[in-house]
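Encoded as structure tokens, the structure appears first; notes follow it.
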Amino acid sequence: VISPSVLDSRRSILDVDHISVGSIARIGSMYEIDSRLVNVNNWEIEYACGFTTGSIDYAVDSILEKYRNHLASIRAGEDEDKKEPARVTVYRFRESNENALARGYGNVLSEIINSELGSRKGLATVERKYSKSLINEKVLRMTGVVEHDNSTSLFNNRRIQYELTGELRVFDDLICIRYTLRDTVSGMCVLPGYHEISSPRYLRPLAASIASDLAGVISNEAGVLQIK
């Protein structure tokens with residue numbers, strides 16, 4: 001295990017083009033497993049996949065097969081795209097009540113959305129483990145209070161044009177999820193969203209829906225009407 005900051009300084013010594021990062025979380029009897037192939041030169045996700053499964057072995061075999069196919073397509077020159085895509089990163093989904101803190105769904109949802117965005121063509125998704133390492137997060141001392149940080153401006157300095165943040169509240173029969181896609185140049189909200197789900201088993205389908213909405217807005221395939 002190596003931190004992004006250490007890898008930055010040792011890239012030439014390691015002589016690698018890609019690094020695989022991801023996460024595994026157990027929710028009930030199922031595992032949420034996400035894996036991403038990241039370019040070590042710019043920390044952009046080149047390929048991503050995720051599974052909700054009861055078998056870790058199945059997920060590992062599937063990930064390896066998908067990586068093999070992707071790397072083979074790179075060698076064959078199938079994925080060449082000269083257009084400069086918009087760069088986006090998932091910063092964090094904060095747990096904002098005691099139930100959410102106890103269950104840790106914020107990090108799980110962040111990882112799943114990160115993988116979903118990383119799998120979308122036409123977007124350059126900066127790996128969240130790298131973007132998180134750019135920010136020295138403050139400790140949240142009061143539930144419901146959003147602390148000030150300089151993530152938006154710092155991401156803009158690194159040519160990351162969009163930052164996704166959000167929060168979760170967990171109740172006995174409901175999980176409430178709010179998110180904001182922010183333009184790092186102006187700091188303005190580009191797309192706000194709110195969803196409610198009844199069970200954590202819907203986290204992955206919800207993440208796919210959110211990623212689709214975000215990709216549509218960022219690529220200008222969808223518009224946003226803001227009423228004040």
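Sequence positions, counted from 1, serve as the residue numbers for this chain. Computed over heavy atoms, backbone and side chain alike; hydrogens, waters and symmetry mates excluded.
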Are any non-hydrogen side-chain atoms of [X] and [Y] less than 4.5 angstrom apart?
X: Leu164; Y: Tyr91; value: no
X: Ile218; Y: Leu123; value: yes
X: Arg36; Y: Glu111; value: yes
X: Glu65; Y: Ser62; value: no
X: Val88; Y: Val126; value: no
X: Tyr162; Y: Thr184; value: no
X: Ile63; Y: Cys49; value: yes
X: Ile160; Y: Trp43; value: no

Nearest-0.5 Å distance, [atom1] of residue [X] to [atom2] of residue [Y]:
X: Tyr105; Y: Ser110; atom1: OH; atom2: OG; result: 14.5 Å
X: Lys129; Y: Thr89; atom1: NZ; atom2: OG1; result: 11.0 Å
X: Leu109; Y: Leu206; atom1: CG; atom2: CG; result: 6.5 Å
X: Leu117; Y: Ser212; atom1: CG; atom2: OG; result: 10.0 Å
X: Phe155; Y: Arg87; atom1: CZ; atom2: CZ; result: 11.0 Å
X: Leu181; Y: Leu191; atom1: CG; atom2: CG; result: 6.0 Å

Please determine whether residues [X] and [Y] belong to a single hydrophobic cluster, defined as Ile, Leu, Val, Met, Phe, Trp and Tyr linked transitively by side-chain heavy-atom distances below 4.5 Å.
X: Ile24; Y: Tyr67; answer: yes
X: Phe171; Y: Ile197; answer: no
X: Val60; Y: Ile33; answer: yes
X: Val185; Y: Val217; answer: no

Open item on the list: Working note: Ile45 + Leu37, criterion side-chain contact (heavy atoms from CB on, under 4.5 Å); need CA distance, chi angles, decisive distance, verdict.
Closed with: CA-CA 6 Å; Ile45 299 172; Leu37 200 63; over 6 Å; no
Taking all non-hydrogen atoms of both residues, which atom of [X] and which atom of [Y] are closest, and how far apart?
X: Glu167; Y: Phe93; value: N-CD2, 3.9 Å
X: Gly106; Y: Leu168; value: CA-CD1, 3.6 Å
X: Pro85; Y: Ala124; value: CG-CB, 3.7 Å
X: Val170; Y: Asn97; value: O-ND2, 2.9 Å

Is it true that a side-chain atom of [X] and a backbone atom of [Y] form a donor plus acceptor pair closer than 3.5 Å?
X: Ser219; Y: Ala215; result: yes
X: Asn99; Y: Asp172; result: no
X: Ser131; Y: Arg128; result: yes
X: Arg120; Y: Glu116; result: yes

Task: Which residues share a side-chain contact (heavy atoms from CB on, under 4.5 Å) with Ser55, sequence neighbours left out - done: Thr53, Asp57, Tyr58
- [ ] Only counting residues at least two apart or in another chain, list the ones meeting side-chain contact (heavy atoms from CB on, under 4.5 Å) with Asp61.
- [x] none
Could you list the residues that satisfy side chain to side chain donor-acceptor pair (under 3.5 Å) with [X], not counting sequence neighbours?
X: Arg182; result: none
X: Asn39; result: Asn41, Glu46
X: Gln161; result: none

- [ ] May I have the step-by-step check of side-chain contact (heavy atoms from CB on, under 4.5 Å) for Tyr47 and Ser119, ending in yes or no?
- [x] CA-CA 6 Å; Tyr47 188 81; Ser119 68; over 6 Å; no
TODO: Go through the steps for Tyr130 and Arg158 under the test side-chain contact (heavy atoms from CB on, under 4.5 Å), then give the verdict.
DONE: CA-CA 11 Å; Tyr130 174 69; Arg158 298 299 181 101; 2.7 Å; yes
Task: Check: Arg159/Asn42 side-chain N/O donor and acceptor closer than 3.5 Å - done: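 No, Asn42 and Arg159 have no side-chain donor paired with an acceptor closer than 3.5 Å.
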TODO: Kindly state each residue pair satisfying side chain to side chain donor-acceptor pair (under 3.5 Å) with at least one member in residues 191-207, sequence neighbours excluded.
DONE: Glu32-Arg204, Asp34-Arg204, Thr52-Arg204, Tyr194-Glu196, Ser199-Arg201
TODO: Apply side-chain contact (heavy atoms from CB on, under 4.5 Å) to the pair Ile113 and Tyr179, showing each step before the final yes or no.
DONE: CA-CA 11 Å; Ile113 293 180; Tyr179 64 88; over 6 Å; no
TODO: Apply side chain to side chain donor-acceptor pair (under 3.5 Å) to Thr125 and Glu44, showing your working.
DONE: CA-CA 5 Å; Thr125 304; Glu44 291 178 3; over 6 Å; no
